[in-house]
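Structure first, commentary second.
Counting convention: from 1, in listed order, for ligands and their atoms alike.
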Amino acid sequence: MASCSFHSLLFFSSVMIIFHMIFIIPTQAKTSFLPRSIVLPISKHTSGAIQYLTSIKRRTPLVPVRLTLDLGGTFLWVDCEKDYVSLTYKPAHCGSAQVSLARSKSCFECYSPPRPGCYNNTCDLMSYNSVLGFAGNFNQVGQDAISLHSTNRSNPTKLISIPNLLFVCSHVFLLSKLATGVKGIVGLGRTKIGHPFQIAYAFSFHRKFVVCLPTSRRL
Ligand SMILES: *[C@@H]1O[C@H](CO)[C@@H](O)[C@H](O)[C@H]1NC(C)=O
Ligand SMILES: *[C@@H]1O[C@H](CO)[C@@H](O)[C@H](O)[C@H]1NC(C)=O
């Protein structure tokens, strides 16, 4: 099992069993290199409400995005209103496979100029800020690239990509009470668009992950 001795890590561990799906997930890993497990760093934020943070490289070109972890959160949501620039963002259109996977029942139109988070005939989900205790609507389901470090179980190694991870494009006001520089919340809950599920599918992992929360503040 994963060792958590040297710092706090989150693993999605490796394939022992081929993971059979009874539905179609649009997410597929781009690379032919299949990692045995992947790892994300976790730090503890202690001023204000205690939060555990991670950083994930997203978009094209890649930028590191700081996120608050929510163990029960249903998906990844990020603020797309402020400075979201990416060549690989794709909105999930109503009636698409992505929409049924996300279980969105509502379709919306957007009356501002088109940008990530604002396209017509797209589906939406409520995003929940668990620190604030508040949910916002008109959050577009979309897809974008993400890069993660694989690991040899003691050190992070090669960076690997998923070109079209499903997430939700939310609003800047929903970042309230999150740590400085945080752009959203990554949900580790048991839904088909939760991070563990999507990552497990992309790399054919068994659906298993470990979280080691740090006691002190470091990354
Ligand atoms: C969406 O459709 C409406 C009505 O046709 C239009 O006014 C608006 O500009 C469109 N929005 C986008 C983001 O294309
Ligand atoms: C993992 O990689 C690090 C750095 O390259 C190396 O020092 C370490 O021995 C490796 N561990 C294993 C278990 O292969």
Side-chain angles (χ1 to χ4, degrees), residues 1-17 26 29 31-43 54-60 62 64 77-99 102 104-127 136-145 147-161 164 166-174 183-184 199-200 203-206 208-212 214 218-219:
M1 207 55 264
S3 153
C4 302
S5 52
F6 86 103
H7 77 19
S8 298
L9 303 171
L10 165 65
F11 287 92
F12 294 85
S13 26
S14 64
V15 215
M16 289 318 211
I17 306 163
T31 164
S32 56
F33 165 76
L34 274 184
R36 295 189 58 213
S37 43
I38 67 120
V39 62
L40 297 173
I42 301 180
S43 67
T54 190
S55 175
I56 302 182
K57 292 192 174 71
R58 303 189 69 248
R59 312 181 203 166
T60 306
L62 284 175
W77 66 259
V78 299
D79 162 35
C80 287
E81 260 173 7
K82 197 164 172 275
D83 308 328
Y84 193 108
V85 179
S86 178
L87 296 171
T88 44
Y89 177 82
K90 292 192 281 286
H93 289 292
C94 303
S96 63
Q98 290 87 337
V99 168
S104 164
K105 302 263 188 290
S106 65
C107 207
F108 79 102
E109 307 279 296
C110 185
Y111 294 93
S112 308
R115 58 160 178 82
C118 181
Y119 288 100
N120 277 338
N121 187 37
T122 54
C123 91
D124 109 295
L125 283 178
M126 297 273 277
S127 300
N137 57 6
F138 298 111
N139 296 252
Q140 182 171 87
V141 178
Q143 291 177 293
D144 210 341
S147 281
L148 303 155
H149 278 286
S150 57
T151 175
N152 69 1
R153 303 207 167 208
S154 57
N155 288 80
T157 54
K158 200 171 168 169
L159 204 57
I160 43 173
S161 308
N164 47 9
L166 277 166
F167 74 107
V168 170
C169 253
S170 189
H171 305 283
V172 70
F173 84 88
L174 208 61
K183 297 284 188 207
I199 291 169
F203 300 121
S204 303
F205 289 169
H206 183 46
K208 201 161 64 170
F209 71 96
V210 175
V211 182
C212 300
R218 54 188 171 157
L219 186 59

In the complex you have, is atom 5 (O) of ligand 1 within reach of the protein, judged by whether a heavy-atom distance drops under 4.0 Å? no
Could you list the atoms of ligand 1 found under 4.0 angstrom from a heavy atom of Ser112? 13 (C)
Report the distance from atom CD of Glu109 to atom SG of Cys118, rounding to the nearest 0.5 Å. 10.0 Å
Please work out which of the three classes, parallel, tilted or perpendicular, describes the rings of Phe167 and Tyr89, given edges at 30° and 60°. perpendicular
Nearest protein heavy-atom contact for atom 12 (C) of ligand 2: which residue, which atom, what distance? Asn152 ND2, 3.4 Å
Can you sort out which atoms of ligand 1 are near Cys110, meaning under 4.0 Å from one of its heavy atoms? 1 (C), 8 (C), 10 (C), 11 (N), 12 (C), 13 (C)
Please identify which of these residues, Asn121, Asn120, Asp124, meets the side-chain contact (heavy atoms from CB on, under 4.5 Å) condition with Cys94. Asn121
With distance as the sole criterion, is a donor-acceptor pair present between the side chains of Thr157 and Ser150 under 3.5 Å? yes
Protein residue, atom and distance nearest to atom 14 (O) of ligand 1, heavy-atom basis: Asn120 ND2, 3.5 Å
Evaluate the pair Cys107, Cys123 and indicate whether the two SG atoms are within a distance below 2.5 Å. no
Which residue holds the protein heavy atom closest to atom 3 (C) of ligand 2, what is that atom called, and what is the gap in Å? Asn155 OD1, 3.4 Å
